[in-house]
Visitor: 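Right, I'll just put the structure down here and ask away after.
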Protein chains: 2
Amino acid sequence: MTRVLVVDDEPQIVRTLRINLTARGYEVATALSGEEALRVAASFRPEVVILDLGLPDIDGVTVIDGLRGWTGAPIIVLSARSDSGDKVAALDAGADDYVTKPFGMDELLARLRAAVRRASAVPAGEEAVVETAAFTVDLAAKKVRRGGAEVHLTPTEWGILELLVRNRGKLVGQKQLLREVWGPAYASETHYLRVYLAQLRRKLEPHPARPAHLVTEPGMGYRFEV
Amino acid sequence: MTRVLVVDDEPQIVRTLRINLTARGYEVATALSGEEALRVAASFRPEVVILDLGLPDIDGVTVIDGLRGWTGAPIIVLSARSDSGDKVAALDAGADDYVTKPFGMDELLARLRAAVRRASAVPAGEEAVVETAAFTVDLAAKKVRRGGAEVHLTPTEWGILELLVRNRGKLVGQKQLLREVWGPAYASETHYLRVYLAQLRRKLEPHPARPAHLVTEPGMGYRFEV
DNA sequence: AGCCCGGCTGACGGAACCTTGACGCCGCTG
DNA sequence: CAGCGGCGTCAAGGTTCCGTCAGCCGGGCT
């Protein structure tokens, strides 16, 4: 059950891909914009991404950058334009393959298989380490170090930190945090967040009272700053 | 100095590629036929292969097979035909990318960079014997030694230890352990883990009550530390 | 058949963790 | 200025999770 994220602003293409991929045993998530793609990717954790470059909100290369910040999953770019300039830019940004529309479904599927094969041929090829002035987070090993010594986190603490780090620099709403860490039924238990954010700060921040990396956005949510 | 092998039967294309690649700092070897390609590859040990499918002597897919038998280096296929059938066959045979002629040099270079980046992202260093302060694990021979004497492990014990050692440093979730050692149906039998981890620790750890290498992460899984 | 080894199960003490409530602080608003 | 809501802090249950032991069962070997 390989997880594939399909990003395209044309609902028709998204639908076609979803049907074809699902029929072949892939687990599919979709997004219609770049912003949505980055949000969905953080929780869905795709093993492959199929990404249309012509998105309405964000530039395609920016989306690639956002993904490459924390995942090594192969990215297959779709594009209507066959400009070689676009191809070069996308590939150099970190994309793995480039297919011009219109494309044959069997070709896309073959390229998908090739991409998955490459990725899985390499066990543990993930270099997902995020470093701040005070501590380092290893997303693959689920480890946190602070000044040489390893810091132990509970499952809940790690769940929060992981979600924030995967969306580093971006604001994560409290409802989203609660939904993804505790489950949909806990979407209004904002008190949990206060307790656990305090614990995380006590373990990670040099001055827990004046946090530099685990920042509160009053009334909205939290943000991880590097 | 990345080693690139260029395989094409048209001397003109070979020449163009050699000039362009050399100018960009690649180390280039060339072959004009499939048979020559396999021979040259064996001694040149390319890190990337650029392969034309329309060779006079051997079928392109056969060449891919021959290379894939002993190397994991990325293969970029060139072809005059844009048949989707050819693409699918080549990609499924183990090729990494497919470019149709005529192609832009900058696009090919970008795809080359992407291929090399992917390949080098993988350390590829499989160490078959792992050593800790207390004991030694030989993954290839399936043997464990502790202070000169060999320790006998049951199949289940070995299954757990092997999985943990292959992911050394990383946290392995209990569900993953159960799935890979006992099978998908046992994904919630966490009690098994407790029993077998205790056994492993009794056999391997100097102080089984305070494990130094087979570490528990409560609520999440286990971790092998060196 | 009898033995032995490895895998499974149940019980229990203890540790780690999550939840919950109380309290004080701060900024905003009426 | 008082009230209120959002936030941070702390500590005390209560629950889940873990380690350990001991015993049962079934299959392979002699």
Side-chain angles (χ1 to χ4, degrees), chain A residues 142 144 150-164 171-183 185-224, chain B residues 142 144 150-164 171-183 185-224:
Chain A
K142 293 197 198 299
V144 182
E150 183 166 331
V151 182
H152 177 77
L153 297 187
T154 74
T156 308
E157 287 164 2
W158 174 259
I160 295 172
L161 184 63
E162 182 179 19
L163 190 57
L164 290 176
L171 188 147
V172 181
Q174 10 195 39
K175 263 188 234 148
Q176 187 189 348
L177 266 165
L178 288 163
R179 259 191 285 108
E180 308 223 2
V181 177
W182 276 269
Y186 295 74
S188 53
E189 303 280 352
T190 60
H191 187 55
Y192 291 5
L193 293 178
R194 288 199 275 286
V195 174
Y196 278 92
L197 263 294
Q199 278 177 7
L200 276 173
R201 284 176 184 140
R202 189 144 31 82
K203 289 184 176 181
L204 301 178
E205 293 271 9
H207 306 292
R210 273 177 303 286
H213 303 109
L214 297 164
V215 188
T216 301
E217 300 280 354
M220 308 208 279
Y222 295 85
R223 179 202 308 278
F224 179 84
Chain B
K142 292 196 192 300
V144 182
E150 181 169 329
V151 182
H152 173 73
L153 295 186
T154 74
T156 309
E157 287 165 2
W158 173 258
I160 295 172
L161 184 63
E162 181 179 20
L163 190 57
L164 289 176
L171 190 152
V172 182
Q174 17 195 34
K175 262 186 241 153
Q176 186 189 346
L177 267 165
L178 287 163
R179 259 192 283 107
E180 308 221 3
V181 177
W182 277 270
Y186 296 76
S188 53
E189 303 283 350
T190 61
H191 189 56
Y192 293 6
L193 293 177
R194 290 202 274 288
V195 174
Y196 279 92
L197 262 293
Q199 281 177 9
L200 277 172
R201 291 203 258 248
R202 192 143 21 90
K203 289 183 178 180
L204 301 177
E205 293 270 8
H207 304 293
R210 273 179 304 288
H213 303 110
L214 297 165
V215 188
T216 301
E217 298 280 355
M220 303 201 278
Y222 294 84
R223 184 199 305 278
F224 180 85

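Residue numbers start from 1 in every chain, and the chains themselves are labelled A, B, ... in the order their sequence lines are given, proteins ahead of strands.
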Visitor: Closest heavy-atom contact between B:R223 and B:L171?
Guide: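 Residues B:R223 and B:L171, closest heavy atoms: NH1-N, 3.6 Å.
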
Visitor: Tell me, please, which residues at least two apart from B:T216 pass side chain to side chain donor-acceptor pair (under 3.5 Å).
Guide: B:R201

Visitor: Can you measure A:L204 atom CG to D:dG8 atom C1' for me and round it to whole angstrom units?
Guide: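 Between C1' of D:dG8 and CG of A:L204: 16 Å.
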
Visitor: Taking for each residue the nucleotide of DNA chain C with the nearest heavy atom, is it B:E157 or A:H152 whose nucleotide lies nearer the 5' end?
Guide: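 Mapping each residue to its closest nucleotide by heavy atoms, the 5'-most match is B:E157.
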
Visitor: List the atom of B:K175, the atom of B:A187, and the distance in Å for their closest heavy-atom pair.
Guide: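 Taking B:K175 first and B:A187 second, the nearest heavy atoms are CG-O, 3.4 Å.
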
Visitor: On a heavy-atom basis, which atom in B:I160 and which in B:L197 lie closest, and how many Å separate them?
Guide: CG2-CD2, 3.9 Å

Visitor: Who passes side chain to side chain donor-acceptor pair (under 3.5 Å) against A:K203, sequence neighbours left out?
Guide: A:E157

Visitor: Base, sugar-phosphate, or nothing: which does A:Y196 touch, judged by heavy atoms less than 4.0 Å apart?
Guide: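 Answer is base: heavy atoms of A:Y196 come under 4.0 Å of a base.
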
Visitor: Could you tell me from which nucleotide to which nucleotide of DNA chain C, 5' to 3', there is an atom under 4.0 Å from chain A heavy atoms?
Guide: C:dC17 to C:dA22

Visitor: Apply ring pair (Phe, Tyr, Trp, His ring centres under 6.0 Å) to A:Y196 and list each qualifying residue two or more places apart in sequence or on a separate chain.
Guide: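 Only A:W182 meet the ring pair (Phe, Tyr, Trp, His ring centres under 6.0 Å) criterion with A:Y196.
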
Visitor: Could you report the tightest heavy-atom contact between A:P155 and B:M220, atom names first, then the distance?
Guide: CG-CG, 3.6 Å

Visitor: Just by protein heavy atoms under 4.0 Å, how would nucleotides 13-27 of chain D read 5' to 3' in B, S and -?
Guide: ----SBBB-------

Visitor: Which pairs, with at least one residue in residues 203-222 of chain B and sequence neighbours excluded, count as a ring-ring contact (aromatic ring centres under 6.0 Å, His included)?
Guide: B:F135-B:H213

